[in-house]
Amino acid sequence: MDMMVDSDPTALIPEIALLLGAVAGLLLGAWTPRRRQWTIRVLAGLAAAAGLAATAVAATRPPEVVFGTYVLDTATHTTRAIVLVTTLALVALCGDTAAGHRRETEFVVLVQLGALGSMLLGGAADLVLLFAAFLLASVPLYALAGWAKQGTATEAALKYYLAGALAGVTTLAGVTLLFGVAGATGYAGVAEGLTRGPGGAAAVGLVAVLAGLAFKAGAVPAHFWVPDVADGTPPAVAAVITTLPKIGALVATYRLLDTAIPADIVDWPLLVAILAAASMTLANLAAFAQTSVLRLLGYSTVSQVGYLLMAVAVAGRAPLAEPALLFYLAGYAVTNVAAFAVVAATAQRSIDGHRGLARHDPLLATALVVALLGLVGTPPTAVLFGKLVVFTAAVDGGLAWLVVLAVLNTVASLFYYLRVIAAAFTAGDNDHAGAVDHAGSGTRSRPWARWTALGTATLSLLLGVGAGVVLTVVGTPT
C-alpha cells in the first residue's frame, strides 16, 4: 500500500533514544568513578525503555517513510521492539562481566550502538542507508569482540574484523553495481530500474549484497567467524554478537528482496533456499563434534539462521512469511540470550563443566533446559511456534522440500542439545563444576547472569503461550 512520506525527526524517537543514551553514557562514563559506572547501565536501560514506549505509540500510526529512506511499518516496529527488549536483557547480562571493569562504560555504549545499527537495518529502504546501517551494526561489535583483551578474545576479534572488512567491501561493491544497473538507490527505484538493465550485472550485485547480509546474520558461507567469536569471548559478549546483528540483518534481507529485487530478474528465492539448507545442515553437523558449550551454541546460532532464511525465501509468495520471520526472531532472540546467560552464570565453557548443575542450582538448570529445548522447538516455547509458522509459510511458497530438510535437521539438533542437558542432570566426581567456578564462587555470585537467564527463559515460555496474540499483531497488513 502507499505510504506517507514524512520528515519529522520525532518519528525516530526509538533510534534517537538509543543514540542519546550511547553518547551521554560515553561522556558521563569518562568522568564517573569506576565504582559508580553502573549508572551508565541504568542510563542505557532507561534509553531502551523510552524507545519501547515510543515504539508502542508509533505502531498505532499508519505506515510512513521518514526522510524518503526509512520505512516505519509493522516490520520496523517489531524489529525495534525485539532489538530494544534484547538490549535490555543484554545490558542486564553484562552486569557481572563488566561491573567494576575499567571499560564498563565502553561495553554498554558499544552494545547500544550495535543495537542502533540493527534497528536501522530493519527499516532501511535505500541502498545507501542499508550500507550505513551495516557499518553501524558491525564496527561497534568488532570492538566489543576484543573488549576483554584476554585469552582468545583478541584472536576472535581479529577474525571477526577481517571477515567483516571483506564483507563490508563486498557489500559496497554490490550496492554500487545495483545502483549502476538501476540508476537509483531507493528500493522502489531499484525495482523499476532493474527491469531495464542487464540481468547479469544485477545478479552479481545482489549476490555481493547478500554476502554482506549473510555475514551479519552469520549464515553459510559467511559463518566461519561465528564459532570462533562465540568460544573466544566472554559469554555476555558472545550473546550480543550472536543475537543483535541477526535481527536487523534478516529483516533487511527480507525487505530488500521483497521490495527491490524482482524474482523474474534474479532467481533469489532459490538462492536463499540453498543458503537456508546449507546453514542449517552444515552447522548441525559441526555442532555434534563440539565439547565447548559456547562453540556448540555458536554453531547453533548458524543453524537457527537457516530456519529463519526459510521465511525470507518465500517473501512475497506466502502471506505468513513476514509474520513468521518476525515472530521467530523474537523467540530466537530471548531464547538465545537465555542459553548464553546460563553459561555466563556457571562460568563453565565445557559440556562436562555443567555436570551437577541441577543439583546445585535447580532453577538455573531449568532455564538451561528451557533455552536448549526451546532452540530445538519444544512446546510451549516461542521457537516451536516460530518454526511451525515458518514451515507453513515455506510450504505455501512452494518449498516443501526445504521443510522436510528442516524437520530432519531439527530432529538431529536435539541430540547435541541433549548432551548439555544430560550433563547438567548427571552427577559425577566434578558435579560441583556446574555451580562453582574454578575460584570456588557459586552461580549466585553472578546474580545478573543468573536472573537474566531465568527472565529470558520465562519470556520464551510466555511468547510461546501467547503466540496467537503476538502473531496477530505482527501479521497486521501494512
>> Whether the Ser279 and His223 side chains hold a donor-acceptor pair (N or O, under 3.5 Å, no angle test) is what I'd like checked.
In response: no
Output for pair (Tyr299 OH, Thr301 OG1), nearest 0.5 Å, gives 10.5 Å
Any non-hydrogen side-chain atom of Phe67 less than 4.5 Å from a side-chain atom of Leu12?
yes
Is the backbone of Pro227 close enough, under 3.5 Å, to the side chain of Asp231 for a donor and an acceptor to pair up by distance?
no
Could you go through the side chain to side chain contact (heavy atoms under 4.5 Å, CB included) check for Arg295 and Asp228 one step at a time?
CA-CA 7 Å; Arg295 198 168 186 85; Asp228 291 330; 3.1 Å; yes
Q | Expected output: side-chain Gln304 to main-chain Leu375 donor-acceptor under 3.5 Å | A | yes
For Asp126 and Thr185, test the side chains for any donor-to-acceptor distance below 3.5 angstrom and give the result as yes or no.
yes
Go through the steps for Arg255 and Asp73 under the test salt bridge (charged side-chain N to carboxylate O under 4.0 Å, His left out), then give the verdict.
CA-CA 11 Å; Arg255 191 186 299 279; Asp73 57 5; 3.0 Å; yes
Would a distance-only check, ignoring hydrogens and angles, find a side-chain to backbone donor-acceptor pair under 3.5 Å from Ser303 to Met280? no
| request: Kindly indicate whether the side chain of Thr378, heavy atoms from C-beta on, has any atom under 4.5 Å from the side chain of Leu384. | output: no
CG of Leu121 to CG of Leu136, rounded to nearest 0.5 Å, is 8.5 Å
| query | Could you walk me through whether Thr410 and Val376 pass the side chain to side chain contact (heavy atoms under 4.5 Å, CB included) check? | reply | CA-CA 6 Å; Thr410 298; Val376 175; 4.1 Å; yes
Carboxylate-amine/guanidinium proximity below 4.0 Å for Arg317 and Asp258:
no
Test side-chain contact (heavy atoms from CB on, under 4.5 Å), reference Phe327, set Val470, Ile82, Val473, output is Val470
Heavy atoms of Arg80 and Ala58 approach each other most closely as NH1-CB, 3.9 Å
Evaluation steps, side chain to side chain contact (heavy atoms under 4.5 Å, CB included), between Val420 and Leu297 | CA-CA 10 Å; Val420 184; Leu297 289 175; over 6 Å; no
Can you confirm whether Leu275 sits close enough to Pro221 that some side-chain heavy atom of one is under 4.5 Å from a side-chain heavy atom of the other? yes
Between the CG atom in Leu213 and the CG atom in Leu257, the distance rounded to the nearest 0.5 Å is 8.5 Å
Here the gap from Ile351 atom CD1 to Ile421 atom CD1, rounded to the nearest 0.5 Å, amounts to 11.0 Å
- Task: Compute the ring centroids of Tyr160 and Phe215, then answer whether they are less than 6.0 Å apart.
- Result: yes
- Task: Return yes if some donor-acceptor pair links the side-chain N/O of Lys387 with the main-chain N/O of Tyr307 below 3.5 Å, else return no.
- Result: no
Short side-chain donor-acceptor distance under 3.5 Å, Tyr417 and Ser300: yes
In terms of heavy-atom contacts, Leu368 and Leu357 come closest through CD2-CD2, 4.2 Å
Notebook entry, point to check: Does atom OH of Tyr161 have more than 12 heavy-atom neighbours from other groups under 6.0 Å away?
Noted result: no
Q: Please answer whether the main-chain N or O of Val237 pairs with a side-chain N or O of Trp147 as donor and acceptor at a distance below 3.5 Å.
A: no
If we ignore hydrogens and angles and just use 3.5 Å, is the side chain of Thr176 paired with the main-chain N or O of Leu172 as donor and acceptor?
yes
Correct closest heavy-atom pair for Ala238 and Val229 would be CB-O, 4.5 Å
Between Asn336 and Thr242, a side-chain donor and acceptor under 3.5 Å:
yes
To the nearest 0.5 Å, atom CG of Leu320 lies from atom CG of Leu471 at 8.0 Å
message: Tell me if a side-chain donor or acceptor on Glu192 pairs with a main-chain N or O of Ala188 at a distance below 3.5 Å.
response: no
Quick check: do Leu244 and Val111 have side-chain heavy atoms less than 4.5 Å from each other? yes
Check your understanding: Taking C-beta and beyond as the side chain, do Val83 and Thr86 meet within less than 4.5 Å on heavy atoms?
Key -> no
*Check whether any side-chain heavy atom of Val240 sits under 4.5 Å from a side-chain heavy atom of Val337, and report yes or no.*
no
Between Leu454 and Ala367 the two heavy atoms that sit nearest each other are CD2-CB, 3.9 Å
Is there a side-chain contact between Tyr328 and Val389 in this structure, where contact means two heavy atoms from C-beta onward sitting under 4.5 Å apart? no
Separation between CG (Leu399) and CZ (Phe391), nearest 0.5 Å, reads 12.0 Å
Practice item. Tell me yes or no: between the side chains of Ser460 and Thr381, is some donor less than 3.5 Å from an acceptor? Key: no
Please determine if Lys246 forms a cation-pi arrangement with Tyr332, meaning its NZ or CZ atom is less than 6.0 Å from the six-membered ring centre and no more than 45° off the ring axis.
no
Can you confirm whether Phe288 is buried at CZ, in the sense that more than 12 heavy atoms of other residues, nucleotides or ligands lie under 6.0 Å from that atom?
yes
**Message:** When you compare the side chains of Asn284 and Tyr416, does any donor N or O come within less than 3.5 Å of an acceptor on the partner?
**Reply:** yes
Can Glu15 and Tyr70 be said to form a side chain to side chain contact (heavy atoms under 4.5 Å, CB included), step by step? CA-CA 12 Å; Glu15 290 79 7; Tyr70 192 64; 2.6 Å; yes
Measure the shortest side-chain to side-chain distance between Pro198 and Val181 over non-hydrogen atoms and say whether it is less than 4.5 angstrom. yes
Residues Gln348 and Val343: closest non-hydrogen pair is O-CG1, 3.4 Å
Of all heavy-atom pairs linking Leu141 and Ala137, the shortest is CD1-O, 3.4 Å
